[in-house]
Q: 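Please read through the structure below; I'll follow up with questions.
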Number of protein chains: 2
Amino acid sequence: MPKIAESTVRRLSLYLRFLEDFEAQGMDTVSSEALASRGSTTSAQVRKDLSFFGSFGKRGLGYSVPELVARLRDILGLERTYRVAVIGAGKMGSALVQYRGFQQRGFQIAAVYDSDPAKTGRTWNGLRVRPDDRIEDDLRHDPVDIAIIVTPAESAQGVADRLVGAGVRAILNFAPVQLNVPDTVVVKNVNMALELEALSYALRNQ
Amino acid sequence: MPKIAESTVRRLSLYLRFLEDFEAQGMDTVSSEALASRGSTTSAQVRKDLSFFGSFGKRGLGYSVPELVARLRDILGLERTYRVAVIGAGKMGSALVQYRGFQQRGFQIAAVYDSDPAKTGRTWNGLRVRPDDRIEDDLRHDPVDIAIIVTPAESAQGVADRLVGAGVRAILNFAPVQLNVPDTVVVKNVNMALELEALSYALRNQ
DNA sequence: CTATGTGAATGATTTCACAGCT
DNA sequence: AGCTGTGAAATCATTCACATAG
């Protein structure tokens, strides 16, 4: 498998969403053009993205919607569910635990941690907030696939180090810091203030 | 001004954060190499990014930290504050309103809206949640620079249309849909489920 | 006839490497 | 001597355009 660009992977996720909508509407084939217009890209882009993984379409016809859904789920690794730990039980952590979109797409929140004793012991969504010094023990018995860091900036690197030590190999980081991890660990960042700054730049330049 | 790549703008935001840290530590000059290692990029990348906007450094010495902070703030349009409206007073909307990082960086939440009468009237952070049919009137008197959409997927496009009608020219969209807006309006998306899918893909391929 | 799959062409971004200041 | 600023080269991503299959 050639190395696939990040931008390609993100578009594949989008295509999958669109296809699920098409499927819900009972469509059974779709053209690269239809997918493209839905995601404001081009049909050539769609075909190229898919072509890295095989040829799933029928010339003259398009793609079978259910088949392409299955292929994309497989490509993205979404045929299984993932266990997720959330570290940080502030407002944002609470919102993430409640967020339906994760569960729906196979990401199960298995545990929530916080270092603040005032927060631990509360129950959210049937899930008790655990003291963060339990991370190591808990993950030894019940590993998670992905950790979401929603701590304040100051604590994020320390938490990341401990997670990596406990065997976590994928991190979604909401703290506004650049995490330092070994390159066996994947990190994606969601940096909301940075998105606003990108809007600020865009506004300033028409 | 040449057109600047999105990736460049995002790095400039990151450099600004690092510089603010350096400033807080009392450093007064910094090399492209120091900035680069902090953000896991290369010194050539840092110099190239900055060079699109002028030459701010001193050969043999590096960059003046306070001066570069000022230049980056200016480039990114952060010398002013921005008025922001949040649409959607669910868990996530509430978390965003409370989030310190926005205020700190000059993004002031001016109003929160929701269509659910059960939510309107509540007060968060000294800000009353307003019925969303007030958007048009409110924005006529007190325009905002940026709107953050945190509604369910189904309502997001309708809300976006109304915001655009009310003169909003920048949108940060947390709803997992692709918004359709005129090209006079800038949209940035934060799609958390999609980030998890990108992690899923990365995990599956080592 | 239609729409895919894909090399080849174009365009964009990153990296190199070094001349030019301080 | 040290580090910036920047053309030129290399790499990466997107678009074109068409032969090919249904």
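All chains are named by letter (A, B, ...) in the order of the sequence lines, taking the proteins before the strands, and each is independently numbered beginning at 1.
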Q: May I ask you to say what B:Ser43 touches in the nucleic acid, namely base, sugar-phosphate or nothing, with a heavy-atom cut-off under 4.0 Å?
A: nothing
Q: From CD of A:Glu6 over to P of C:dT13, roughly how many Å is that when rounded to an integer?
A: 16 Å
Q: Determine whether the aromatic ring centres of A:Tyr63 and A:Phe56 lie less than 6.0 Å apart.
A: no
Q: Please report, rounded to the nearest Å, how far the C1' atom of C:dT14 is from the CZ atom of B:Arg10.
A: 18 Å
Q: Taking the nucleotide of DNA chain D with the nearest heavy atom to each, does A:Ala5 or A:Lys58 sit closer to the 5' end?
A: A:Ala5
Q: B:Arg47 CZ to C:dA19 P: how many Å, rounded?
A: 15 Å
Q: Quick one: is the NZ or CZ of B:Arg17 closer than 6.0 Å to the six-membered ring centre of B:Phe22, and within 45° of its axis?
A: no
Q: To the nearest Å, give me how far apart CD (B:Glu33) and P (C:dC16) are.
A: 12 Å
Q: Calculate the interatomic distance between A:Lys48 atom NZ and D:dA13 atom P; express it in whole Å.
A: 12 Å
Q: Can a side chain N or O of A:Arg59 be found less than 4.0 Å away from OP1 or OP2 on D:dA19?
A: no
Q: Among the nucleotides C:dT13, D:dT15, D:dA13, which one has an atom lying closest to any side-chain atom of B:Ser7?
A: C:dT13
Q: Is any side-chain N or O of B:Ser31 closer than 4.0 Å to OP1 or OP2 of D:dC3?
A: no
Q: Whether B:Ser32 contacts D:dC3 is assessed here as follows: a side-chain N or O lying under 4.0 Å from the phosphate OP1 or OP2. Is that the case?
A: no
Q: Figure out the CZ/C1' separation between B:Phe56 and D:dG5, and round it to whole Å.
A: 12 Å
Q: Would you kindly check if the NZ (Lys) or CZ (Arg) of B:Arg11 is within the cone defined by 45 degrees around the ring axis of B:Tyr15 and under 6.0 Å from the six-membered ring centre?
A: no
Q: Using whole Å, report how far CG of B:Leu61 lies from P of D:dC3.
A: 9 Å
Q: Taking A:Leu35 as the fixed residue, which of A:Leu19, A:Thr41, A:Leu14 is the one that meets the side-chain contact (heavy atoms from CB on, under 4.5 Å) rule?
A: A:Leu19
Q: Counting just side-chain N and O atoms, does A:Gln45 come under 4.0 Å of either OP1 or OP2 of D:dT15?
A: yes
Q: Is the closest basic N to carboxylate O distance between B:Glu20 and B:Arg73 below 4.0 Å?
A: yes
Q: Roughly, in whole Å, what's the span from CG in A:Leu50 to C1' in D:dT14?
A: 15 Å
Q: Under 4.0 Å between a side-chain N/O of B:Tyr63 and OP1 or OP2 of D:dG5, yes or no?
A: yes
